[in-house]
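None of the values given here were measured: they were computed from a predicted structure.
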2 protein chains.
Amino acid sequence: MTVTETERWLELLEQKGSRITGPRKAIVELMVDADHALNPVDVFDRARVKYPKMGLVTVYRTLEVLSDLGLVERVHQADDCHMYLRAAQGHEHLLICSCCGKAAYFSGDDLGMLIQRISMESGFSIQGHWLQLQGLCQSCQPKKIQTQQGE
Amino acid sequence: MTVTETERWLELLEQKGSRITGPRKAIVELMVDADHALNPVDVFDRARVKYPKMGLVTVYRTLEVLSDLGLVERVHQADDCHMYLRAAQGHEHLLICSCCGKAAYFSGDDLGMLIQRISMESGFSIQGHWLQLQGLCQSCQPKKIQTQQGE
DNA sequence: TCCTTATTGAAAATGTTTTTCATTTTCATT
DNA sequence: AATGAAAATGAAAAACATTTTCAATAAGGA
Ligand SMILES: [Mn+2]
Ligand SMILES: [Mn+2]
Ligand SMILES: [Zn+2]
Ligand SMILES: [Zn+2]
């Protein structure tokens, strides 16, 4: 599954007239599999394992290319706003572990009523929304006992 | 109302053992009233009108102090993740105009059901959420006719 | 294999935020 | 009102993150 997804990304890259290169393959392979949002340096460190002469500049450039193709997207967290993760499929939002950073998409939110009400009350015409849940993933729950913030 | 709110901020500052200074007054006055999220340079430019010898470093430092006191908070937007706005009162979320940047808080979202479901499905224990609506404010609607992104 | 051109990595440039430090200002105490 | 300790300030330097420049390299069609 990972292999075919990697191939899909590379084919898309090719279709758009980009060349398939060693550095790009290394970055695609790792981004396809990543279950944490990664910042450019994270990507750099991981990519260098597969492609040792990788330059950090190429990481920036490749993330931009993948982002333009809609394959990865930027993720904002309180401490780091320049993280990247495979893009959402359709209408999905992120759930991120505040301890280890593990990220998962979810879908099925319904803000229609809320948006309609706020639209009325504020006079804004609402174009989009941004929703992100923070929590502790299963493997981090034993490690941390923290207070829960409701609603 | 603005005057008393400014005073409240300054008193809080004083209570916490900080000194009330010219630069801080200028920044507090402008942040109390701001209806747009402002980045440090925005704050700098505006504060210099009232306090011409203001240094940019002081802006950074003062925003941090106000943020530590819970009086302002950092706002993330697609193009600029280091913007500051007066802090939410209780459980509020932001509505921001994608054209002019006008910001308004709203409350009354209820994600309880959603959170419970996602919690079940994912195994995460959910601690908090981050919700932001983007749209066009009343005065920007005539200017731009844009496609609407649903739900 | 050859050739054109996109891509690459190093280095330099740029832009932002933080640190350092001598000077100024605040404000509690005379 | 004058004094003095400590906090705050602004200029300059340093540290960081990101982008640009450019000569060398590599991709992939002919
Ligand atoms: Mn949604
Ligand atoms: Mn952000
Ligand atoms: Zn975790
Ligand atoms: Zn507007």
Engineer: OP1 or OP2 of C:dT16 less than 4.0 angstrom from a side-chain nitrogen or oxygen of B:His82, does that happen here?
Structural biologist: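 Answer is no, no contact under 4.0 Å.
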Engineer: How close or far is atom P of D:dT9 from atom OH of B:Tyr60, stated in whole angstroms?
Structural biologist: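 So the two atoms are 16 Å apart, to the nearest Å.
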Engineer: Grouping I, L, V, M, F, W and Y whenever their side-chain heavy atoms are under 4.5 Å apart, do A:Tyr84 and A:Trp130 come out in a common cluster?
Structural biologist: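 Per the 4.5 Å side-chain linkage, A:Tyr84 and A:Trp130 are not co-clustered.
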Engineer: Whole angstroms only, please: what is the OH-C1' distance between B:Tyr84 and C:dT16?
Structural biologist: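 After rounding, the gap between these two atoms is 12 Å.
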Engineer: Which heavy atom in A:Ser107 sits nearest to a heavy atom in A:His91, and how many Å separate them?
Structural biologist: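 Nearest pair, atom of A:Ser107 first, then A:His91: CB-O, 3.4 Å.
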Engineer: If you assign A:Val59 and B:Leu56 each to the DNA chain C nucleotide with the nearest heavy atom, which residue ends up on the more 5' nucleotide?
Structural biologist: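 Counting from the 5' end, the first nearest nucleotide belongs to A:Val59.
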Engineer: Just the rounded figure in Å: distance from C1' of C:dT8 to CG of A:Leu63.
Structural biologist: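 Between C1' of C:dT8 and CG of A:Leu63: 15 Å.
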Engineer: For A:Lys25 and C:dA6, give me the distance from atom NZ to atom C1', rounded to whole Å.
Structural biologist: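 After rounding, the gap between these two atoms is 16 Å.
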Engineer: Strictly under 4.0 angstrom, non-hydrogen atoms only: write out the protein contact profile of nucleotides 19-30 of chain C, one letter per nucleotide from the 5' end, B, S or -.
Structural biologist: BB----BBS---
Engineer: Quick one: list whatever passes ring pair (Phe, Tyr, Trp, His ring centres under 6.0 Å) with B:Trp9, sequence neighbours left out.
Structural biologist: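 Once residues adjacent in sequence are excluded, B:Trp9 has no partner under the ring pair (Phe, Tyr, Trp, His ring centres under 6.0 Å) criterion.
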Engineer: Rounded to whole Å, how long is the line connecting atom CE of B:Met54 with atom P of D:dG10?
Structural biologist: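 Roughly 6 Å, once rounded to whole Å.
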Engineer: Indicate the atoms forming the closest heavy-atom contact of B:Ser119 with B:Ile126, along with that distance.
Structural biologist: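 That closest heavy-atom pairing would be N-CD1, 3.8 Å.
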Engineer: Indicate the ring-plane relationship of A:His93 and A:His129, choosing parallel, tilted or perpendicular according to the 30° and 60° boundaries.
Structural biologist: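 Because their plane-to-plane angle lies in the 30° to 60° range, the rings of A:His93 and A:His129 count as tilted.
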Engineer: Could you tell me the separation between the CG atom of A:Asn39 and the P atom of D:dA17, rounded to a whole number of Å?
Structural biologist: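 Computing the A:Asn39:CG to D:dA17:P distance gives 9 Å.
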Engineer: List DNA chain C stems (3 or more consecutive Watson-Crick/G-U pairs, under 3.5 Å)?
Structural biologist: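 Listed by first number, the stems are C:1-30 with D:1-30.
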Engineer: State, with a plain yes or no, whether a side-chain heavy atom of A:Arg46 is found less than 4.5 Å away from one of A:Leu38.
Structural biologist: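 Counting from C-beta outward, A:Arg46 and A:Leu38 do come under 4.5 Å.
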Engineer: Whole Å only: how far is the CG atom of B:Asp79 from the P atom of C:dT16?
Structural biologist: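 Checked: the CG to P distance equals 13 Å.
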Engineer: Would one find more than 12 heavy atoms of other residues, nucleotides or ligands at under 6.0 Å from atom CD of A:Glu121?
Structural biologist: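 Yes, because the 6.0 Å sphere around CD of A:Glu121 holds more than 12 heavy atoms from other groups.
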Engineer: Would a distance-only check, ignoring hydrogens and angles, find a side-chain to backbone donor-acceptor pair under 3.5 Å from B:Asp45 to B:Asp42?
Structural biologist: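 Side chain of B:Asp45 to backbone of B:Asp42, a donor-acceptor pair under 3.5 Å: no, none is there.
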Engineer: Got a second to check how far A:Asn39's CG is from A:Phe44's CZ, nearest 0.5 Å?
Structural biologist: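 Here the rounded value is 12.0 Å.
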Engineer: Can you measure A:Lys16 atom NZ to C:dA6 atom P for me and round it to whole angstrom units?
Structural biologist: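 Answer to the nearest Å: 17 Å.
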